[in-house]
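Note sheet for the following structure.
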Amino acid sequence: MIDLYYWPTPNGHKITLFLEEAGLPYRIVPVDIGAGDQFKPEFLAISPNNRMPAIVDHAPADGGEPISVFESGAILQYLADKCGQLLPPAVRERKAVLEWLSWQLGGFGPMLGQNHHFTRYAPEKVPYAIERYQRETARLYGVLDRHLAGRGFIAGDALSIADLACHPWANAHAWHHVDLADYPEVRRWHAALAARPAFVRAYALEQTYKRPADMTDEMRRNLFGRPA
């Protein structure tokens, strides 16, 4: 059994997508980041960066005590190695998956997240920041669109953790003011994956753990202004 410390954000969706695709049994432990659950001592014990997702594996491969893992990229690689799925063992294929996983973790996530912040959440509009992050968002979508030409999946002929890392951010395209019609290869890839039963199940969890539509001062402080 995997305990998944989760809230319905793109990074949270990455792990539910993996668990649903791989068919691993798991239990969701909600971490309401608007309410400040990420600062509770019991969560910080497994995620010292006070960010979700995190997992606790109660049946690790070495047969020892439960293992906790934090940071979405590390969790995806850990789970892929644990169950032998979605990360090929061959050197060249594995290399490609890890390249695109790193691309998402270093760019197609942080930059889109900054786009969300300055266009949706910032208490005042900062034109320079909005232009910078929207321009970088467009550049990253262009990189992905060109790469996906002639490919069904990001890193080869099969679904991998690279797809699981990138899809939730593309799924939030309306949040960062992107029309997928401008990126036809991304649109094709996004739609094909979104129709997979495991993806449908994973994204449906958002209805159970919905965030309030209006952000309170307390939520804003927990999300953007509170020290660890």
Side-chain angles (χ1 to χ4, degrees), residues 5-17 30-39 43 47-54 70-76 100-148 154 162-187 189-190 194 203 206 209-228:
Y5 291 77
Y6 162 91
W7 202 241
T9 70
N11 287 333
H13 292 319
K14 294 176 188 178
I15 313 307
T16 53
L17 288 172
V31 180
D32 186 340
I33 57 178
D37 288 354
Q38 68 272 34
F39 298 103
F43 181 68
S47 184
N49 194 36
N50 62 272
R51 295 288 188 271
M52 70 90 228
F70 72 101
E71 294 296 326
S72 62
I75 296 168
L76 287 173
W100 285 96
L101 174 63
S102 298
W103 177 82
Q104 188 282 313
L105 297 170
F108 197 72
M111 296 298 102
L112 275 54
Q114 292 297 323
N115 184 322
H116 294 174
H117 180 78
F118 284 104
T119 60
R120 297 179 68 92
Y121 295 127
E124 60 184 55
K125 297 298 182 184
V126 183
Y128 174 82
I130 292 171
E131 181 183 358
R132 163 157 173 57
Y133 290 113
Q134 288 191 325
R135 184 170 61 246
E136 181 63 2
T137 294
R139 187 191 72 82
L140 290 165
Y141 266 90
V143 170
L144 184 58
D145 197 66
R146 291 188 296 274
H147 176 73
L148 283 169
I154 289 177
D163 298 285
L164 305 188
C166 292
H167 195 274
W169 286 98
N171 203 47
H173 57 90
W175 275 52
H176 38 262
H177 308 282
V178 166
D179 184 349
L180 290 187
D182 295 332
Y183 305 96
E185 299 294 341
V186 175
R187 181 174 60 178
W189 163 84
H190 171 267
Y203 285 130
E206 186 162 6
Y209 303 97
K210 276 187 175 180
R211 290 168 287 179
D214 297 322
M215 184 172 292
T216 65
D217 289 342
E218 179 186 4
M219 291 173 62
R220 187 178 296 278
R221 186 174 75 90
N222 286 328
L223 290 170
F224 308 128
R226 183 172 173 178

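We use all heavy atoms of the structure for the numbers below, so side chains are in, but hydrogens, waters and symmetry mates are not.
- The residue from N50, D37, T9 that alone fulfils the side chain to side chain contact (heavy atoms under 4.5 Å, CB included) condition with V31 is D37.
- Between P30 and W7 there is a side-chain heavy-atom pair separated by less than 4.5 Å.
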Report, one line per pair, each donor and acceptor closer than 3.5 Å where one atom sits in a side chain of residues 124-132; sequence neighbours left out.
{"from": "K125", "atom 1": "NZ", "to": "T119", "atom 2": "O", "distance (Å)": "2.8"}
{"from": "E131", "atom 1": "OE2", "to": "R135", "atom 2": "NH1", "distance (Å)": "3.2"}

Query raised in the report: Given the rule in the ring pair (Phe, Tyr, Trp, His ring centres under 6.0 Å) test, do Y203 and H13 qualify, once you have shown the distances and angles that lead to the verdict?
Result: CA-CA 7 Å; Y203 285 130; H13 292 319; 5.1 Å; yes
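- Inter-residue side-chain proximity for N171 and P10 is flagged as unmet; no heavy-atom pair is nearer than 4.5 Å.
- You'll find the side chain of N115 reaches within 4.5 Å of the side chain of H177, heavy atoms only.
- Side-chain atoms of H147 come within 3.5 Å of backbone atoms of I154 as a donor-acceptor pair (strictly under, hydrogens ignored).
- Distance check, rounded to the nearest 0.5 Å: OH of Y183 to CZ of R146 gives 9.5 Å.
- Across all non-hydrogen atoms, the minimal contact from P110 to L105 is CG-O, 3.1 Å.
- Inter-residue side-chain proximity for H176 and Y141 is flagged as met; some heavy-atom pair is nearer than 4.5 Å.
- Using a 4.5 Å heavy-atom threshold, the side chains of P184 and D145 count as touching.
- Closest of all the heavy-atom pairs between H167 and H190 is NE2-O, 3.0 Å.
- A distance-only check finds no donor-acceptor pair linking the side chain of H173 to the backbone of D179 [under 3.5 Å].
- Listed by chain and number, the residues in a ring pair (Phe, Tyr, Trp, His ring centres under 6.0 Å) with Y133 are F118 (sequence neighbours excluded).
- Side-chain contact between P48 and F70 is present, with at least one heavy-atom pair separated by less than 4.5 Å.
- With a 4.5 Å cut-off on side-chain heavy atoms, E136 and Q114 do not count as touching.
- Residues Y5 and M52 come closest through the heavy atom pair O-CB, 3.8 Å.
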